[in-house]
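Working notes for the structure below.
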Amino acid sequence: MKPALLEVMRMNRICRMVLATCLGSFILVIFYFQIMRRNPFGVDICCRKGSRSPLQELYNPTQLDLSNTAVLHQMRRDQVTDTCRASSAMSRKRRVLTPNDLKHLVVDEDHELIYCYVPKVACTNWKRLMMVLTGRGKYSDPMEIPANEAHVSANLKTLNQYSIPEINHRLKSYMKFLFVREPFERLVSAYRNKFTQKYNTSFHKRYGTKIIKRQRKNATQEALRKGDDVKFEEFVAYLIDPHTQREEPFNEHWQTVYSLCHPCHIHYDLVGKYETLEEDSNYVLQLAGVGSYLKFPTYAKSTRTTDEMTTEFFQNISSEHQTQLYEVYKLDFLMFNYSVPSYLKLE
């Protein structure tokens, strides 16, 4: 009788183990299909859950080549920090950021990235990349996305669209980066694009007519009506006119990076430069874990504004106006370690 009882107990134990194994397998299958339903494209294209975050890879790199690059970016971060500290010591003004200040910060939830876009610093191509990263398989080649589509605000989510707790969480946990350019080269690029191209009639009407009215003596009625022949000297005079900034903030295409991205309020983990655009961009993609299949688009742009071109534009600007303009963009020069251009005649 006793052996029979032991046999029954042993069989019950085996049945329970088999039942637990089957139930566990069933739960795993359901869990798998739940994941696939949320992320049908797989880990490679979408999310890197379970792997190291971009922040971890940046500050504690596992690869030697990333480690060497990390030193350079630490120096860039230190430069920003030192400039902000010096600027804060010189100014009594303190301001708190509002959600409206965050409209230039594009968020990628899947790869835990925040990108502050700066117009005239390859922002079209970076917006294309962010659409690929956030598109969950909708896009694969950034250059197949039309430029005008990349600038449709609904195609990308910005930080100001979140609640305050959500904003704070992302600022703390996500890797924040931006790209900068020599300030006056960026300014000339904006002028050439917005005021010398005939198709930019909206800028001519919105800003050109105003600039000509204020800065040009004896302007013709046609110039006042069209605003399509603004001279660079007039554009500079408009920028340094105290009335201009009292009236409204600068347009984003010539607004300072300091005012667009607020680097003294937001700690950027990575500062990329236009001068090393491809290298810095691919470093970001590598940190995000997508560098093996996604690269920054490269193509020769013959119309690109160069340092030589910028020098020519500034030849007709008086030393007084050069000095005043430098003061407007001084923080951008100092913060991102750009030296005073040799062509400037500062007073």
Side-chain angles (χ1 to χ4, degrees), residues 76 79-80 82-84 86-87 90-91 93 118-122 178-197 200 203-204 206-219 223 227-261 263-264 271 273-275 303-347:
R76 291 180 182 176
Q79 179 72 24
V80 172
D82 292 345
T83 305
C84 288
S87 173
M90 292 167 58
S91 173
K93 292 182 180 178
V118 179
K120 309 313 298 177
V121 193
L178 75 164
F179 279 80
V180 299
R181 184 178 186 177
E182 201 279 340
F184 285 170
E185 187 178 298
R186 174 177 168 245
L187 186 65
V188 170
S189 178
Y191 166 77
R192 291 180 64 224
N193 178 245
K194 301 306 177 187
F195 294 110
T196 68
Q197 304 295 327
N200 265 322
F203 268 82
H204 302 160
R206 174 75 176 82
Y207 295 101
T209 53
K210 184 188 298 184
I211 293 171
I212 290 172
K213 183 179 180 181
R214 289 188 190 170
Q215 307 301 334
R216 186 179 301 178
K217 294 179 180 178
N218 304 317
D228 62 353
D229 64 341
V230 173
K231 297 179 176 64
F232 185 66
E233 299 92 306
E234 295 169 335
F235 179 52
V236 169
Y238 163 79
L239 294 175
I240 62 177
D241 184 349
H243 178 71
T244 299
Q245 290 215 48
R246 283 200 301 268
E247 182 182 56
E248 61 180 349
F250 279 177
N251 177 274
E252 62 177 13
H253 291 84
W254 48 85
Q255 180 60 281
T256 63
V257 178
Y258 173 79
S259 298
L260 287 177
C261 296
C264 289
V271 177
K273 292 202 168 188
Y274 192 76
E275 295 77 16
T303 58
R304 178 184 175 275
T305 300
T306 63
D307 181 58
E308 292 77 16
M309 204 178 290
T310 304
T311 302
E312 289 181 25
F313 272 90
F314 272 84
Q315 282 182 348
N316 295 325
I317 306 299
S318 69
S319 58
E320 180 186 2
H321 281 189
Q322 286 185 8
T323 302
Q324 290 174 298
L325 190 67
Y326 178 77
E327 286 300 315
V328 173
Y329 292 92
K330 184 177 181 178
L331 272 179
D332 280 6
F333 275 100
L334 297 175
M335 194 167 291
F336 305 116
N337 203 27
Y338 288 107
S339 57
V340 177
S342 58
Y343 56 77
L344 284 192
K345 306 180 290 289
L346 299 182
E347 292 186 342

Separation between CD of Glu320 and CD1 of Ile240, rounded to the nearest 0.5 Å: 7.0 Å
Atom pair SG (Cys264) and CG (Leu331), whose distance is rounded to the nearest 0.5 Å: 7.0 Å
NZ or CZ of Lys330 within 45° of Tyr258 ring axis and under 6.0 Å: no
Side-chain donor-acceptor contact under 3.5 Å, Asn251 with His253: yes
Under 3.5 Å: donor-acceptor pair, side chain of Thr83, backbone of Gln79: yes
Any donor-acceptor N/O pair, Thr311 side chain to Asp307 backbone, under 3.5 Å: yes
Non-hydrogen atoms of Asp241 and Gln215 that approach each other most closely: OD2-NE2, 3.8 Å
Pairwise distance OH(Tyr191) to OG1(Thr196) - rounded to 0.5 angstrom: 6.5 Å
Ring-ring centroid check Tyr329 Trp254, cutoff 6.0 Å: no
Non-hydrogen side-chain atoms of Glu312 and Met309 separated by less than 4.5 Å: no
Side-chain donor/acceptor of Asp332 to backbone N/O of Thr256, under 3.5 Å: no
Non-neighbouring partners of Tyr238 that pass side-chain hydrogen bond (donor to acceptor under 3.5 Å, both in side chains), sequence neighbours left out: none
Test log, rule side-chain contact (heavy atoms from CB on, under 4.5 Å), inputs Val230 and Tyr207: CA-CA 9 Å; Val230 173; Tyr207 295 101; over 6 Å; no
Asn200 side chain vs Asn193 backbone, donor-acceptor pair below 3.5 Å: yes
Nearest-0.5 Å distance that lies between atom CZ in Phe203 and atom CD in Gln197: 12.5 Å
Phe336 and Pro183, any side-chain heavy atoms less than 4.5 Å apart: no
Gln322 side chain vs Lys345 backbone, donor-acceptor pair below 3.5 Å: yes
Worked check of salt bridge (charged side-chain N to carboxylate O under 4.0 Å, His left out) between Arg304 and Glu185: CA-CA 10 Å; Arg304 178 184 175 275; Glu185 187 178 298; 3.4 Å; yes
Minimal non-hydrogen separation, Thr323 against Leu346, with atom names: OG1-CA, 3.4 Å
Straight-line distance of Leu325 CG to Leu187 CG, nearest 0.5 Å: 6.0 Å
Gap separating the CD atom of Glu233 from the CZ atom of Arg216, nearest 0.5 angstrom: 10.0 Å
Derivation and outcome, side-chain contact (heavy atoms from CB on, under 4.5 Å), residues Lys231 and Ile212: CA-CA 9 Å; Lys231 297 179 176 64; Ile212 290 172; over 6 Å; no
Where Arg192 and Thr303 come nearest, the two heavy atoms and their spacing: NH1-O, 2.9 Å
Side chain Arg181, main chain Lys120, donor-acceptor under 3.5 Å: yes
Intermediate values then yes/no, salt bridge (charged side-chain N to carboxylate O under 4.0 Å, His left out), Glu234 and Lys213: CA-CA 10 Å; Glu234 295 169 335; Lys213 183 179 180 181; over 6 Å; no
Evaluation steps, side-chain contact (heavy atoms from CB on, under 4.5 Å), between Leu239 and Val328: CA-CA 8 Å; Leu239 294 175; Val328 173; 5.9 Å; no
Verdict with supporting geometry, Arg206 and Lys194, side-chain contact (heavy atoms from CB on, under 4.5 Å): CA-CA 11 Å; Arg206 174 75 176 82; Lys194 301 306 177 187; over 6 Å; no
Contact summary for Leu260 and Pro119, nearest pair of heavy atoms: CD1-CD, 3.9 Å
Thr306 backbone acceptor or donor facing Thr310 side chain under 3.5 Å: yes
Check: Val118 and Phe179 side chains under 4.5 Å, non-hydrogen atoms: no
Mutual orientation of the aromatic rings belonging to Phe235 and Phe195 [parallel < 30°, tilted 30-60°, perpendicular > 60°]: tilted
Donor-acceptor pair, side chain of Tyr274 and main chain of Val121, under 3.5 angstrom: no
Phe314, Phe313, Tyr338 screened by side chain to side chain contact (heavy atoms under 4.5 Å, CB included) with Phe184, the one that passes: Phe314
Smallest separation among heavy atoms of Arg76 and Val271, with atom names: NH1-O, 2.8 Å
